[in-house]
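Here the structure is laid out as structure tokens; the discussion comes afterwards.
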Amino acid sequence: MSSAPSAVPLPGPSDEPVGEVVVDWYAGAARDLPWRESGTDPWAVLVSEVMLQQTPVARVEPVWREWLARWPTPAAMAAASPAEVIRAWGKLGYPRRALRLREAAVAITARHAGVVPAEVDELEALPGIGTYTARAVSCFGHGRRQAVVDTNVRRVVARLVHGRAEAAPARAADLLDITALAPVDDERAVRFSVAVMELGALVCVAGTPRCAACPVRDRCAWRLAGYPAHDGPPKRVQRFAGTDRQVRGRLLDVLRAAHEPVDPDALVPAWEDAVQRSRCLDSLLVDGLVVQTEDGRFALPS
DNA sequence: GACGCGTGGTG
DNA sequence: TCACCAAGCGT
């Protein structure tokens, strides 16, 4: 250890732990999202988190407001029919989420007396609630200190800590990586969990990162290494046109609009190819997104 | 662990 | 224009 004055770390922003810097940045840079308002109850947070799984914020916001106004508690949603929630889900995409969210509401009502649990393992036991969402609800909904790792967080850690351009696939060590950066204070740790996600969503983005706006750029391992390119295999982009996903979407579109069961013929315009149309209809039946009436017509499950 | 699952905005 | 992208989950 040197005794020279220059060896003594100077107090100042650049000496703050990374986690504290990110939390301070969040205070001035965070988006004003309704589910982040203080007093948002855990159920409302849970609904927002499920809707935000793979769906952008801008499309979630209006639907989230409608849902919370209509079904302000798990018990309220548990009393709704699948058809109602599928219609209310609208075009958020991946409508199985709507079904699972309703099933989660049923389970919360039955097993937890209508109270959204705060424990991660109890949350993970609910339909449609995985590693990310369980921790997000515990942290953002109940104010528990939790490591919360989504695709944004993995990307931030990959760059900031590991000096890599892109995140590796999710792994258990992700939780340890981010835990090591979290502030000591519990309230700030909760803030930190949402702040890292926000940093990844607004600054450390997947496309062209906005490093000039980054509060921790002076200690980013990726930047300090000269922005080395991603060396792993390129990730495959999912096609959409012509896939079963598109066909399922078209079929469900017809059934959402219809308020009584429709004849099979009414589904032909949705997709001309009979083989693929039939296959997709079957998969929708298997998923419980569609039911067939005794007279052979199709409808949303009431 | 790779794959399937919707939709619409964007550079 | 069109590939890419957006707070994952279940199998």
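Chain identifiers are assigned alphabetically (A, B, ...) following the order of the sequence lines, protein sequences preceding nucleic acid strands; residue numbering begins at 1 within each chain. Because the structure is predicted, anything quoted here is derived from the model rather than measured.
Residue V57(A) is not grouped with residue V196(A) when hydrophobic side chains (ILVMFWY) are merged at heavy-atom distances under 4.5 angstrom, including chains of intermediate members. Cluster membership for L284(A) and L300(A), using ILVMFWY side-chain heavy atoms within less than 4.5 angstrom, is shared.
A stem is defined here as three or more consecutive Watson-Crick or G-U pairs, each with both distances under 3.5 Å; for DNA chain C these stems are B:2-5 with C:8-11, B:7-11 with C:2-6.
As a whole-Å value, the separation of M51(A) CE from dG6(B) C1' is 15 Å. Atom CG of D287(A) and atom C1' of dG4(B) are 10 Å apart (whole Å). Distance CD1 (I86(A)) to P (dG6(B)): 11 Å, rounded to an integer number of Å. Rounding to whole angstrom units, CD of residue Q246(A) and P of dG4(B) are separated by 16 Å. Here dG9(B) presents its C1' atom at 14 Å from CZ of F240(A), a figure rounded to the nearest Å. At whole-Å resolution of the value, CG in L285(A) and P in dC5(B) are 15 Å apart. Distance Q276(A) CD to dC5(B) C1': 14 Å, rounded to the nearest Å.
Across the P atoms, dG11(B) and dA7(C) are found 15 Å apart, a figure rounded to whole Å.
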Return a table of donor-acceptor pairs under 3.5 angstrom between the side chains of residues 167-178 of chain A and protein atoms on other chains or two or more places apart.
from	atom 1	to	atom 2	distance (Å)
R171(A)	NH2	D177(A)	OD2	3.2
D174(A)	OD2	R171(A)	N	2.9
D177(A)	OD2	H162(A)	NE2	3.0

Which side-chain N or O atoms in residues 98-113 of chain A pair as donor and acceptor under 3.5 Å with protein atoms at least two apart or in another chain?
from	atom 1	to	atom 2	distance (Å)
R102(A)	NE	A80(A)	O	2.7
R102(A)	NH2	A80(A)	O	3.4
T109(A)	OG1	A105(A)	O	2.7

Can you give each donor-acceptor pair under 3.5 Å made by side-chain atoms of residues 122-129 of chain A, sequence neighbours left out, with the distance rounded to 0.1 Å?
none

Can you give me every donor-acceptor pair (side chain of residues 255-266 of chain A, partner residue at least two apart or in another chain, under 3.5 Å) with its distance?
from	atom 1	to	atom 2	distance (Å)
R256(A)	NH1	G90(A)	O	3.3
R256(A)	NH2	D253(A)	OD1	2.9

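Between E119(A) and R144(A), some side-chain heavy-atom pair lies under the 4.5 Å cut-off.
Mapped onto DNA chain B by nearest heavy atom, T243(A) and T208(A) fall at different nucleotides, with T243(A) at the one closer to the 5' end.
Residue contacts for R279(A): at a heavy-atom cut-off of 4.0 Å it reaches no nucleic acid atom on any strand shown. D244(A) comes within 4.0 angstrom of sugar-phosphate atoms only, judged by non-hydrogen atoms across all strands, and of no base.
Between R97(A) atom CZ and W89(A) atom CH2 the span is 4.0 Å, to the nearest 0.5 Å.
Although no hydrogens or angles enter the test, the distance criterion places a donor-acceptor pair under 3.5 Å between the side chain of R159(A) and the main chain of A165(A).
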Check your understanding: Taking protein heavy atoms under 4.0 Å as touching, what does nucleotides 4-11 of chain C look like 5' to 3' if B marks base contact, S marks sugar-phosphate-only contact and - marks none?
Key -> SSBBBSS-
